[in-house]
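Below is one structure, written out as structure tokens; comments come after it.
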Amino acid sequence: MNTLKSIAVASALGIAAFFSPNSEACSRVLYKGIDSLYVVGRSLDWKTPIPTNLYVYPAGIQKVGSDKPGAVSWTSKYGAVYAVGYDGGVTEGMNEKGLVVNGLFCKGTVYNNSETEKRPPMSLAMFVAWLLDMNATTDEAVAVLKKHDFSIGGATFDGGTVSALHWGITDASGKSAIIEFDHGEIRTYDMEDFQAMTNDPNWPAMTAILNYWNKIGGQHMLPGTVSSPDRCVRANYFAHHVEKTADPFLGVSITRSILVNASVPYTYQIQGEPNVSSTQWRSFADLKYRRYYFDIVTNMGYYFIDLTKCDLRPGASVMKLDTSKETLLVGEANAVLKKSDPFKPMY
């Protein structure tokens, strides 16, 4: 069997294997515009709504990664906006340097082994915050992760679901990496020319699927299901074939249209598969102009926080946007941010 046929078989098997009754679907896409305009869009897909509020944290705050003894601790170097699920864990965010980190489900994740379990603990609730607080670029974040001087874990949610995740990281230069945990080993991958990621399979297997479809093209045929590989193929294809612009608002609109194409329609169900996940919200991080957009699918519109207009100096207040109270909000949302206590991590 030649290489191309092998890849084709692998892709077909991957699609069949990973579109399971417990499908947790999330998608991430990188739009590359003109004049250093980069927009990262992601969808958060789950079988039930995940209440998510936005928090703006200034620099200079002392934090710990876990409530266990000997936990990783730090004082934040950069201010950031976080998307916080259940008011207890940072799902994703962007910092004042234009670094964005997004966590997506990946069933193949195994965080620890017998060796890593002995290292200082870091909760998943704080992992993304730690990366955003302390790093300005993708290379810096990858270098920190390669040290692997921590063990990672976290509380379950939504009736006992384990947060098995991998992460996409992109900085203001457009440099992107994918981070995966494989039985206690951290795998880091340069995204190179790929512009999308979803869930399973792991990144080396997903790139084989993407390369197969790149050879086919896409103008006349693209895979159309809600499976993780199909969504990744569609998002990657369209990200490469849309207009490039320097207009930040148009760039976000283009990214949004790509992500909608790769999303799972709200309330979509398949008979006999009760846990198929539909898109709950989408976010868009404009890494050049430091605007973080939030798009809840049941809202009338979407809005953004402009980090350049936030007080991120040490000593400034933590600010919060309660998304449940701002369902009609459209456009810049800085004016509705309110002083807040820090969120309480679900360690």
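- S151 and N112 form no side-chain donor-acceptor contact under 3.5 Å, judged by distance and modelled atom types alone.
- Centroid-to-centroid, the aromatic rings of Y111 and F181 come within less than 6.0 Å.
- A donor-acceptor pair shorter than 3.5 Å can be found between the side chains of Y55 and D87.
- No donor-acceptor pair under 3.5 Å is formed between the side chain of N102 and the backbone N or O of R28.
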Discussion item. Go through it in stages, so that I can follow the logic: the residues are M191 and W203, the test is side chain to side chain contact (heavy atoms under 4.5 Å, CB included), and I'd like the CA-CA distance, side-chain angles, deciding distance and then a yes or no.
Written reply: CA-CA 9 Å; M191 285 194 71; W203 188 242; 4.1 Å; yes
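- Within 6.0 Å of the NE2 atom in H240, the count of heavy atoms belonging to other residues, nucleotides or ligands exceeds 12.
- For N199 (side chain) and S228 (main-chain N/O), no donor-acceptor pair under 3.5 Å exists by modelled atom type.
- Within a 6.0 Å sphere centred on NZ of K97, heavy atoms belonging to other residues, nucleotides or ligands number 12 at most.
- The environment of NZ in K244 is crowded: more than 12 heavy-atom neighbours from other residues, nucleotides or ligands sit within 6.0 Å.
- Two rings, from F304 and Y292, have their centers 6.0 Å or more apart.
- With hydrogens and angles disregarded, a donor-acceptor distance shorter than 3.5 Å links the side chain of R234 to the backbone of N261.
- The two residues Q62 and T75 make their nearest non-hydrogen contact at CG-OG1, 3.4 Å.
- Shown here is E117, whose CD atom has more than 12 heavy atoms of other residues, nucleotides or ligands within 6.0 Å.
- D139 and T137 share no side-chain donor-acceptor pair at under 3.5 Å.
- Both tests do not hold together for R119 against F150: distance to the six-membered ring centre under 6.0 Å, angle to the ring axis within 45°.
- Aromatic ring centres of F294 and W281 lie closer together than 6.0 Å.
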Practice prompt. Walk me through it: do Y38 and Y31 pass the test ring pair (Phe, Tyr, Trp, His ring centres under 6.0 Å)?
Written response: CA-CA 6 Å; Y38 297 101; Y31 172 76; 8.8 Å; no
Worksheet entry | Evaluation steps, side chain to side chain contact (heavy atoms under 4.5 Å, CB included), between S27 and M197 | CA-CA 6 Å; S27 304; M197 67 179 288; over 6 Å; no
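- With N135 contributing its side chain and L131 its backbone, the two residues share a donor-acceptor pair below 3.5 Å.
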